[in-house]
Amino acid sequence: MDHFLYRDGALFAEDVPVAEIAAAVGTPFYVYSTATLLRHFQLFDDALAGMDHLVCYAMKAASNQAILKTLAQAGAGMDVVSQGEYLRAKAAGVPGDKIVFSGVGKTAEEIRTALSGGIRQFNVESEPEMEVINAVALDLGVVAPITVRVNPDVDAKTHAKIATGKSENKFGIPIAKAREVYAHAATLKGLDVIGIDVHIGSQLTELEPFRLAYQKVAELTETLRADGHDIRRLDLGGGLGIPYTRSNEAPPLPVEYGQLIKDTLGHLNVEIEIEPGRLIAGNAGLMVSKVIYVKEGEGRDFLILDGAMNDLIRPAMYEAHHDIVPVVEPEPGLEPRPYDIVGPVCETGDTFAKARLMPPLSANDLVAFRSAGAYGAVMASEYNSRPLIPEVLVHGDQFAVIRRRPDFDEMINRDTIPEWL
Ligand SMILES: *Cc1c(COP(=O)(O)O)cnc(C)c1O
């Protein structure tokens, strides 16, 4: 459920007409709903009720300061994957002991920043990284809390680019090697080995891969405890999928996911951490764009929008589907027609949808891409020298620009000319 609904023929974001935002900020833009963000966070928090737990929002999905602050005020921790994200989380007021640092390539500088500013734990992805965290911690005179990310060799049954839990993926250490790695970690004086981490991929639409992975983690917990390690926290990653279309089969709900966690791990008396990103932000955001031209083609027409692949890359990168809806609700009985919906960028990849059935549209009509809140604005670029598009946050009947559109001079003047030119 989200808070982008038609009222009296006009699409609203909570209590604000989307067209009113478009008139104020211009198109294209992203708009997020506070109520949807909070609702999705709450679903996870409630799903784990009765267990000692923390929901750490994977902020790579959408990392605007206003989004982080909204979730942090509701009690969310943050899962970060870079120094920039760590500093963003701190700037949004998240205390260090609620920030988890994930990612396969943490540099010594990133580790130092996090250890100095406070960190809940590092999710360690390799033995060389473990050595570096140990060295930086000893140098700073602190002890770094860590889990080791294990790769359970489970097929997440998702798009190849976002599957992370098979042995051929670059993530984590093979679960079969875990005992050896934990034994070594326990000898390092700069580390406090507190738990196990696993994350098998994104946009999972079935529970079964989670079940297989978590069963392996449960077994490993018991093995490691028998080896003398004080395993007290399990970080279970993110990855629960969202419905991108109204028609396809609905992915499992957070409450079902929570029950699975209780079933597979509840007997272990551990603290549970999860790192959802997409499910919190995905359906909490729209990208709104304007039709520039309707161009007649053979067999179908092209809708040429002012938004492009640089603004929302998911269709080009992951063959992702986004529902696209007109901002003015179509009159009942209008015959839909097939359109290829494209942006102005000079690549055939800049195609959002092919032969998509839409009500008849004309130049200057507004359309909204649903489910664009996660991996949307954060993956945008200035390809074709198109400035990053603004982000807007709605809260009830209020809205605010939370990142403004840079002007062309700002974009151009970031470049510098060497003195020989
Ligand atoms: C990307 C990522 C997540 C979030 O995944 P979603 O599919 O957005 O829930 C969580 N943890 C790690 C380690 C990740 O890389």
Side-chain angles (χ1 to χ4, degrees), residues 37 40-41 43-45 47-48 54-63 67-68 71 76-82 84-86 89 98-106 110 114 119-126 129 146-152 154 156-166 169-173 195-207 209-210 213-214 217 233-244 251-254 257-258 261 272-285 314 317-318 320 371-379:
L37 287 167
H40 290 163
F41 166 72
L43 288 176
F44 279 114
D45 207 33
L48 295 178
L54 183 67
V55 178
C56 292
Y57 169 59
M59 61 180 275
K60 73 176 194 277
S63 55
I67 293 176
L68 302 186
L71 291 168
M78 298 287 155
D79 173 52
V80 308
V81 293
S82 70
E85 286 197 349
Y86 177 83
K98 287 178 119 177
I99 304 177
V100 176
F101 207 137
S102 300
V104 289
K106 305 174 200 78
E110 292 183 308
I119 190 78
R120 180 174 177 81
Q121 101 235 359
F122 292 98
N123 294 332
V124 175
E125 299 236 9
S126 66
E129 184 198 344
I146 66 150
T147 71
V148 177
R149 177 168 177 181
V150 294
N151 187 323
V154 162
K157 302 201 175 115
T158 183
H159 191 281
K161 284 186 187 163
I162 50 177
T164 58
K166 284 290 284 177
N169 299 135
K170 69 180 176 182
F171 300 95
I173 58 143
I196 306 171
D197 171 46
V198 69
H199 170 75
I200 56 174
S202 196
Q203 187 53 20
L204 272 73
T205 53
E206 295 171 32
L207 284 182
F210 288 117
Y214 297 169
V217 168
R233 182 181 295 163
L234 300 179
D235 181 329
L236 304 177
L240 195 57
I242 62 171
Y244 277 98
L253 301 171
Y257 175 67
I261 291 173
I272 296 293
E273 211 167 70
I274 55 170
E275 305 168 342
R278 187 188 308 271
L279 202 146
I280 290 180
N283 285 329
R314 299 192 64 262
M317 184 134 142
Y318 310 114
S371 312
Y375 307 105
V378 285
M379 293 183 94

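As the structure lists them, so they are numbered: ligands from 1, and atoms in each ligand from 1.
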**Request:** Decide side chain to side chain donor-acceptor pair (under 3.5 Å) for E275 and N123; before the verdict, give the C-alpha distance in whole Å, the side-chain angles of both, and the deciding distance to 0.1 Å.
**Result:** CA-CA 12 Å; E275 305 168 342; N123 294 332; 3.2 Å; yes
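Here's the thing with R149: none of its N/O atoms is less than 3.5 angstrom from an N/O atom of ligand 1. Polar contact check, A61 against ligand 1: no nitrogen or oxygen pair lies under 3.5 Å apart. Residue contacts with ligand 1: Y375 is placed with a nitrogen or oxygen under 3.5 Å of a nitrogen or oxygen of the ligand (distance criterion only).
A 4.5 Å side-chain heavy-atom check between I200 and F171 finds every atom pair outside the cut-off. Annotation: side chain of Y244 is in contact with side chain of Q203 (closest heavy-atom distance under 4.5 Å).
Within the 3.5 Å criterion, the main-chain N or O of V104 finds no donor-acceptor partner in the side chain of K170. Under a 3.5 Å cut-off, the side chain of T164 and the backbone N or O of H199 do form a donor-acceptor pair.
Close approach of ligand 1 to A58 (heavy-atom distance below 4.0 Å) involves ligand atoms 3 (C), 4 (C), 10 (C). Taking every non-hydrogen atom of P276 and a distance limit under 4.0 Å, the qualifying atoms of ligand 1 come out as 9 (O). Ligand 1 places these atoms under 4.0 Å from at least one heavy atom of D79: 10 (C), 11 (N), 12 (C). Ligand 1 places these atoms under 4.0 Å from at least one heavy atom of R278: 6 (P), 8 (O), 9 (O).
When hydrogens are left out, the protein atom nearest atom 7 (O) of ligand 1 is S202 OG, 2.3 Å; that is the closest non-hydrogen contact. Here the protein heavy atom with the shortest distance to atom 11 (N) of ligand 1 is E275 OE1, 2.5 Å.
The aromatic rings of F44 and Y257 stand perpendicular to each other, their planes meeting at an angle above 60°, with 30° marking the opposite boundary.
Salt-bridge check for K60 with E85: failed, with every basic side-chain N at 4.0 Å or more from each acidic carboxylate O.
Taking all heavy atoms of M59, E125, K60 into account, the minimum distance to atom 2 (C) of ligand 1 is reached by K60.
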